[in-house]
Amino acid sequence: MQYWLFKSEFATFSISDLAHAPNQATTWEGVRNYQARNFLRDDINVGDQAFFYHSTSQYSKYSPPGIVGIIEVVKSGYPDDSAFDPNSRYFDPKSCREKPTWYQVDVRLVKSFTHYVGLDLIKASPELKDMVVARKGNRLSISKVTPDEWNFICFFLSRGKTVEQWW
DNA sequence: GCCAACGTTGGC
DNA sequence: GCCAACGTTGGC
């Protein structure tokens, strides 16, 4: 069992979209980065849990960006169908069904937070400062989270406070 | 809206 | 294999 962090832009697919999806589940499609693809194809297993992270976007209600929920993997890596669909924004003519370039997993919502863990708090916490998402210029949309980082963040969330209240 | 940082592409 | 140019991401 491993822990991960999945990024999504608020305007593209929000935690609210997931909460309202059938069975509160979705296909995590459209990842077009090789390092993240390798995670999806080779390393992410059923039962793995991940933080749902909203990065900065124009319409996001989350400012600063941050971790807004927990999701669980319900189907491990399989070819990303959106790459084969000319009408999809994720269409990639170089990927074919015989030898797919891109992979996806299926996830379901475990928990949506009322109080989220903002990037400012992540950066300000010595326990979290090594998280991939805290690194300058980081663009990796799927990254590993250590058990210590996971537990620390869950501890924060169990306090039930907003970032402002905590500080 | 700006721009730094990054990943990918393509010419050589 | 190098690296400049380009397009994109994402914090602010």
Side-chain angles (χ1 to χ4, degrees), chain A residues 2-19 26-44 49-71 73 77-105 107 109 112-146 149-150 152-153 156-157 161-167:
Chain A
Q2 285 211 81
Y3 296 115
W4 305 91
L5 182 145
F6 284 27
K7 275 188 206 170
S8 179
E9 262 193 65
F10 186 81
T12 305
F13 186 78
S14 73
I15 187 99
S16 171
D17 292 335
L18 180 57
T26 190
T27 290
W28 204 269
E29 64 177 12
V31 172
R32 296 291 178 267
N33 165 285
Y34 287 101
Q35 199 179 343
R37 186 280 312 270
N38 292 346
F39 287 149
L40 289 170
R41 188 188 59 189
D42 307 329
D43 302 318
I44 298 178
Q49 293 202 322
F51 289 129
F52 190 118
Y53 179 92
H54 270 319
S55 52
T56 301
S57 92
Q58 194 178 352
Y59 305 104
S60 178
K61 62 176 178 174
Y62 299 100
S63 184
I67 293 166
V68 299
I70 292 175
I71 56 180
V73 177
Y78 62 104
D80 184 341
D81 289 327
S82 67
F84 311 130
D85 177 5
N87 295 318
S88 170
R89 60 178 290 196
Y90 302 121
F91 178 58
D92 179 2
K94 285 177 292 197
S95 183
C96 60
R97 290 181 188 279
E98 295 70 37
K99 203 180 174 211
T101 308
W102 307 113
Y103 282 72
Q104 61 191 354
V105 299
V107 301
L109 182 65
S112 181
F113 305 142
T114 36
H115 301 302
Y116 74 108
V117 176
L119 185 59
D120 56 343
L121 179 54
I122 292 172
K123 286 182 170 173
S125 306
E127 296 86 347
L128 303 177
K129 66 175 173 46
D130 292 330
M131 287 187 76
V132 175
V133 80
R135 288 180 203 154
K136 193 177 179 185
N138 156 68
R139 293 169 56 175
L140 193 56
S141 63
I142 294 178
S143 55
K144 289 185 180 177
V145 174
T146 70
E149 289 162 351
W150 183 273
F152 188 81
I153 288 168
F156 255 118
L157 294 166
K161 296 177 179 178
T162 66
V163 174
E164 292 74 24
Q165 288 169 330
W166 183 267
W167 295 110

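Letters go in sequence order (proteins before strands), and every chain restarts at 1.
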Less than 4.5 Å apart, side chain to side chain, heavy atoms only: is that true for Trp28(A) and Ile71(A)? yes
Any idea how Tyr3(A) and Trp150(A) line up, ring-wise: parallel (<30°), tilted (30 to 60°), or perpendicular (>60°)? parallel
Quick one: list whatever passes salt bridge (Lys or Arg N to Asp or Glu O under 4.0 Å) with Asp81(A), sequence neighbours left out. Arg97(A)
Distance-only donor-acceptor check, side chains Arg32(A) and Ser82(A), under 3.5 Å: yes
Please tabulate the protein-to-nucleotide N/O contacts below 3.5 Å involving nucleotides 8-12 of chain C, giving atom names and distances.
{"residue": "dT8(C)", "atom": "O2", "partner": "Arg139(A)", "partner atom": "NH1", "Å": "3.2"}
{"residue": "dT8(C)", "atom": "O2", "partner": "Arg139(A)", "partner atom": "NH2", "Å": "2.9"}
{"residue": "dT9(C)", "atom": "O4'", "partner": "Arg139(A)", "partner atom": "NE", "Å": "3.4"}
{"residue": "dT9(C)", "atom": "O4'", "partner": "Arg139(A)", "partner atom": "NH2", "Å": "3.4"}
{"residue": "dG10(C)", "atom": "OP1", "partner": "Lys7(A)", "partner atom": "NZ", "Å": "2.8"}
{"residue": "dG10(C)", "atom": "OP1", "partner": "Arg139(A)", "partner atom": "O", "Å": "3.3"}
{"residue": "dG11(C)", "atom": "OP1", "partner": "Tyr53(A)", "partner atom": "OH", "Å": "2.8"}
{"residue": "dG11(C)", "atom": "OP2", "partner": "Thr56(A)", "partner atom": "N", "Å": "2.7"}
{"residue": "dG11(C)", "atom": "OP2", "partner": "Thr56(A)", "partner atom": "OG1", "Å": "2.6"}
{"residue": "dC12(C)", "atom": "OP1", "partner": "Lys123(A)", "partner atom": "NZ", "Å": "3.4"}

Under 4.5 Å between any side-chain heavy atoms of Tyr103(A) and Pro79(A), yes or no? yes
Of Lys136(A) and Tyr34(A), the one whose closest nucleotide on DNA chain B sits nearer the 5' end is Lys136(A)
